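What follows is a single structure, written as structure tokens, with notes after it.
These figures come from a predicted structure and were not determined experimentally.
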There are 2 protein chains.
Amino acid sequence: MSKQEASCCEPLSEGPLAEQQAAELSTMFKALGDPVRLRLLSMIASQPDGEVCVCELTPAFDLSQPTISHHLKLLRQAGLVDSERRGTWVYYRVRPETTDRMAAVLSSVSSERRVVTA
Amino acid sequence: MSKQEASCCEPLSEGPLAEQQAAELSTMFKALGDPVRLRLLSMIASQPDGEVCVCELTPAFDLSQPTISHHLKLLRQAGLVDSERRGTWVYYRVRPETTDRMAAVLSSVSSERRVVTA
DNA sequence: CTCTTGCTTCGACATCTTTCAATATTGTAG
DNA sequence: CTACAATATTGAAAGATGTCGAAGCAAGAG
């Protein structure tokens, strides 16, 4: 089957994922690398009208309001959600471009061919 | 902790992502929340025969060999890769079940957001 | 057996994360 | 303007993470 025999280490030139792209993408994955943020995203995404008020998200967790606010900030900075203020309330919605891009990277990994240069 | 007034907000019972699932999935996303590990996965996935020797991965980074080994361990513990020893060398390959599952979660996030014009 | 090579584990340290209480900001109502 | 309600920001403490050098283990060669 596999015969990269000979000398074990030709340094494997460059993976299809460049250093800068990896840095950018890893920020997005890191944002979902926390159970609270994953559930936040899931809650936002599952709303029928595509958006949720922070005041609906906060009481769903056993965490302080500043903590939820901080997690939402990280999701926003990673490009996963958008926020809009309407009156006193702030509404969050998913940015599907970002989740789609992440899904594309993962799919290309499993199809073991070139990673999308997105 | 978080006991807000019920003035504006019905507390949004449960998102579709249960607490335990979120914990499990967040481990996988966290594993890709580092540029080194993302590039490692990408390198492993992009090999024609689906597997790479550690000795090919290590020199591609400006990091010590123990550090690469540690990152590979995290990828393995997250279920993203498998390793197999053959002689002196250890080969890593992607576990597509895991990347597929992550991609499915992300896709559902973006598709659950349906446009309601009402 | 001993030596060498490939890889993993251990111990330590600096940095980054998560979390909270306190405070600030923004918008609405009186 | 004052008061209040919803979010965000700040600052600090506890814990997790990334990294390295040193040591350990496994397998092949002599």
To the nearest Å, how far apart are [X] [atom1] and [N] [atom2]?
X	N	atom1	atom2	result
A:Ile68	C:dT18	CD1	C1'	11 Å
B:Leu38	D:dG18	CG	C1'	15 Å
B:Trp89	C:dT4	CH2	P	18 Å
B:Gln77	C:dT8	CD	C1'	12 Å
B:Glu84	D:dA27	CD	P	13 Å

Could you report the tightest heavy-atom contact between A:Val90 and A:Tyr92, atom names first, then the distance? CG1-CE1, 3.7 Å
Where do A:Lys30 and B:Gly33 come nearest, in terms of heavy atoms and distance? CE-O, 3.1 Å
With respect to the phosphate group of C:dT8, does any side-chain polar atom (N or O) of B:Ser69 fall under 4.0 Å of OP1 or OP2? yes
So, OP1 or OP2 of D:dT19: does either fall under 4.0 Å of a side-chain N or O from B:Ser64? no
Based on the rotation axes of five pairs at each end, what angle does the helix from C:dC1-D:dG30 to C:dG30-D:dC1 bend through, to 10°? 20°
Listed by chain and number, what are the side chain to side chain donor-acceptor pair (under 3.5 Å) partners of [X], not counting sequence neighbours?
X	value
B:His71	B:Arg37
B:Glu24	B:Arg101
B:Glu97	B:Arg95

For B:Thr88, side chain to side chain contact (heavy atoms under 4.5 Å, CB included) partners two or more places apart: none
With sequence neighbours left out, what residues match B:Pro66 under side chain to side chain contact (heavy atoms under 4.5 Å, CB included)? B:Ser64
Protein N or O to nucleotides 23-30 of chain C N or O, pairs below 3.5 Å:
none

Nearest-nucleotide pick for A:Leu63, side chain only, options being C:dT19, D:dC20, C:dC7: C:dT19
Please pick, from C:dG6, C:dT8, C:dT19, the nucleotide with the shortest atom-to-atom distance to any side-chain atom of A:His71. C:dT19
Under 4.0 Å, counting only non-hydrogen atoms across every strand here, what does [X] touch: a base, just sugar-phosphate, or nothing?
X	value
B:Leu72	nothing
B:Phe61	nothing
A:Tyr92	sugar-phosphate

List for me each residue that meets salt bridge (charged side-chain N to carboxylate O under 4.0 Å, His left out) alongside B:Arg76, sequence neighbours excluded, and say none if there are none. none
Gap between atom CG of B:Leu75 and atom CG of B:Leu32 - 0.5 Å precision: 6.5 Å
Nearest-0.5 Å distance that lies between atom CG in B:Leu106 and atom CZ in B:Phe29: 4.0 Å
Could you list all N or O pairs between the protein and nucleotides 10-17 of chain D that sit under 3.5 Å apart?
from   : atom 1 : to      : atom 2 : distance (Å)
D:dT17 : OP1    : B:Lys30 : NZ     : 3.3

Can you list every pair that meets salt bridge (Lys or Arg N to Asp or Glu O under 4.0 Å) and has a residue in residues 78-90 of chain A, with sequence neighbours left out? A:Glu51-A:Arg86, A:Glu84-A:Arg86
Test side chain to side chain contact (heavy atoms under 4.5 Å, CB included) applied to A:Val109 and B:Thr98, B:Leu80, B:Leu41, B:Leu38, the passing residue: B:Leu41
Residue met sooner reading DNA chain C from 5', once B:Val54 and A:Gly33 are mapped to nucleotides: B:Val54
